[in-house]
Structure formats: C-alpha cells, structure tokens
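A short worksheet on the structure shown next.
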Amino acid sequence: MSKSPEPKPTPKPTSSPGSAGGAGPEPKTLVHAASQDPDDFAVQISDQVESFIVAVTEVARGTEPDSAVPFLLLEVSQLLLAGGRLGAHEDIVPDERYEPDLGPEGDVDELRERLAVLLDPIDVYSEVFDPYEPRKAPVACRISDDLADVVTDLRHGLAHYRAGRTTEALWWWQFSYFSNWGSTASAALRALQSLVAHVRLNQPLEDLDGLDTDQDLTDETLEEAAGRVMAEEIAGPLGLRPVQ
C-alpha cells in the first residue's frame, strides 16, 4: 500500500548524549559507502539496522533451526543498543515538513510465516504492554509477529537512508523507536531471554501452545492453559543442552 505524505510531529529539543554491527548467521553487506566516516552516528545506526534485517531474514530461512533462538536473542539485543542510542539522542528534526513518498511498503508476510513455523510451539508468549499501567491484564503475543513488525519499521527508514535522506532516516528510526519498534523489540527480547534461561537453568516452561493472540488473557486463563513442558524438551530446537 502506498504511503501518502503526512505532516510530521514537531519534536521538542531535549538533551543529547551522543554499535557495533550485529552478529548473525552469515556476513552482512553494509549499506554505507566506503568513503563515509565509520564513526558517523548515522552510519553506525544504519549498519545496525541492516545487520538486524539481514540476520532475521537468514534465520527465517530455517537452515539452522537449532541455533535460531540464540541468534535472535543476540540480534534483538544488539538492535536495542542502536535503539537506546536513538532514544538518548536529542530529537532529530527532518529537513522537510512532509515525508517523501516511498511507494509501496515491502511485504513481510512470508518472513512472518517462516518465523512462525520455525518457532512453533514457543512462538506465543504473554506480555503486558505498559508496565506503568496498573493491573493491566497480559495479552498473548507472537515473537514472529513482533520481529516482522520491527523489520517493517526498520526497512522504512532504510529506504530513506539508501535514497540519500540521512536525516529523514534517522528521524524515522527515532520516532518509530518511541512509537512502536522499541517496545515491540523489547517484548520479544524478554520472551527470547526467558526461553534461553529456562533451558540453561533446567526449569519447567509453561506451555502457551494453543493460546491465540486474539484472546483476552487473565492470570486464571494463563494458569488453565499452562501445561507441564520441561525445558529439556525444547533444548534440542533451541540448540542448547539442559543443565544436568
């Protein structure tokens, strides 16, 4: 669907403190020209974004299913370092009031579906959207949905960057970090870290298989749906050995 230009929110200047590229299943091609200063903030952020997109796409192919969760844990962690730098940076003001039209957004449905198959049955997890909202009931989310949504946001900014609109790209990545992909990636990271921790600590894992993301979940619903899946049962798919 083509994106019609929309007025941009006018950011208020704040304070400013000022990454290494993420490691993934295979080497990554960086998008900046060799003549650009590798210490430049925009170059570092774009490299991190490109690294994440390439790595997640490669993991979704399913060629190394045993290492999928550890790789995703690493990539999301490193992406959030770039997000933290964007969040700590002063508000980035784009050069133009209206965002240039980038044309149709890239389709991530295939990526989403491949990840869902790869991560089944550990794809669904419970999440509370806002930890500062009291007594907010948890909802069911999917790691595959989260990662595909993050890739969509990052690709949008990357299109600006590749078109030479560096400030526009940084503005978009910063704005969407606050509005969407930052919280989405953070939620996915908690789920991935929990999976690895359950295996490494040889602890039982509550089974969320069978939950649907359109359910309104309460503590009672989660308790009723939870099964007794031991960590060693998912140690193989995660590429880890349970602690003896």
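What you are looking at is a predicted structure, and each value in this text was computed from that prediction instead of being measured. This chain uses plain numbering: 1 for the first residue, then up along the sequence.
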Who are the side-chain hydrogen bond (donor to acceptor under 3.5 Å, both in side chains) partners of E113, not counting sequence neighbours? none

Mind jotting down which residue pairs meet the salt bridge (Lys or Arg N to Asp or Glu O under 4.0 Å) criterion with at least one end in residues 188-199? Sequence neighbours excluded, please. E127-R190

With a 4.5 Å cut-off on side-chain heavy-atom distances among I, L, V, M, F, W and Y, is there a chain of contacts connecting V117 to L119? no

Interatomic spacing from CG in L72 to CG in L118 - rounded to 0.5 Å: 7.5 Å

With side-chain contact (heavy atoms from CB on, under 4.5 Å) as the criterion, how do I122 and V69 come out once you've worked through the C-alpha distance, each side chain's angles and the decisive distance to 0.1 Å? CA-CA 10 Å; I122 54 176; V69 169; 4.0 Å; yes

Considering residues at least two apart in sequence or located in another chain, which fulfil the side-chain contact (heavy atoms from CB on, under 4.5 Å) criterion with D153? W172, S176, N180, W181

Can you tell if the side chain of L115 reaches within under 4.5 Å of the side chain of V56, non-hydrogen atoms only? yes

What distance do L73 atom CG and S67 atom OG have between them, rounded to the nearest 0.5 Å? 12.5 Å

Contacts of T152 meeting side-chain contact (heavy atoms from CB on, under 4.5 Å) (sequence neighbours excluded), chain-then-number -> V108

Starting at CG of L189, measure out to CG of L79 and round the result to the nearest 0.5 Å. 10.0 Å

Verdict with reasoning, H89 to F41, per side-chain contact (heavy atoms from CB on, under 4.5 Å): CA-CA 10 Å; H89 198 282; F41 179 73; 3.9 Å; yes

For A169 and G157, which heavy atoms make the closest approach, and how far apart are they? CB-O, 3.3 Å

Where the side chain of E168 meets the backbone of P94, is there a donor-acceptor pair that is under 3.5 Å apart? no

Looking only at heavy atoms, what is the nearest atom pair of D146 and C141, with distance? OD2-CB, 4.5 Å

Between CD on residue Q78 and CG on residue L81, distance to nearest 0.5 Å: 8.0 Å

Kindly indicate whether the side chain of P100, heavy atoms from C-beta on, has any atom under 4.5 Å from the side chain of H160. yes

Go through it in stages, so that I can follow the logic: the residues are V59 and E64, the test is side-chain contact (heavy atoms from CB on, under 4.5 Å), and I'd like the CA-CA distance, side-chain angles, deciding distance and then a yes or no. CA-CA 7 Å; V59 168; E64 298 182 36; over 6 Å; no

With sequence neighbours left out, write down each residue that passes side-chain contact (heavy atoms from CB on, under 4.5 Å) with A42, or none if nothing qualifies. D40, Y161, T166, L170

Which heavy atom in A188 sits nearest to a heavy atom in Y125, and how many Å separate them? N-OH, 3.7 Å

side-chain contact (heavy atoms from CB on, under 4.5 Å) against S183, all qualifying residues, sequence neighbours excluded: none

Does anything in residues 173-182 form a salt bridge (Lys or Arg N to Asp or Glu O under 4.0 Å)? List the pairs, not counting sequence neighbours. none

Are the side chains of I143 and L192 in touch, meaning some heavy atoms are under 4.5 Å apart? yes

Mind checking what makes salt bridge (charged side-chain N to carboxylate O under 4.0 Å, His left out) contact with R165, not counting sequence neighbours? none

T57 side-chain N/O to I53 backbone N/O, donor-acceptor pair under 3.5 Å: yes

Which residues share a side-chain hydrogen bond (donor to acceptor under 3.5 Å, both in side chains) with S144, sequence neighbours left out: D123

Distance col, row R85:CZ vs W173:CH2, nearest 0.5 angstrom, shows 12.5 Å

Test: salt bridge (Lys or Arg N to Asp or Glu O under 4.0 Å). Region: residues 174-185. Which pairs qualify, not counting sequence neighbours? none

Please check if the side chain of Q174 supplies one atom and the backbone of E90 the other of a donor-acceptor pair under 3.5 Å. yes

Does anything in residues 176-187 pair up under salt bridge (Lys or Arg N to Asp or Glu O under 4.0 Å), and if so which pairs, sequence neighbours excluded? none

Begin from the C-alpha positions of F52 and L147 and carry the test side-chain contact (heavy atoms from CB on, under 4.5 Å) through to its verdict. CA-CA 10 Å; F52 179 81; L147 297 179; 4.1 Å; yes

The reported gap from CG in L154 to CD in E50 (rounded to nearest 0.5 angstrom) is 10.5 Å

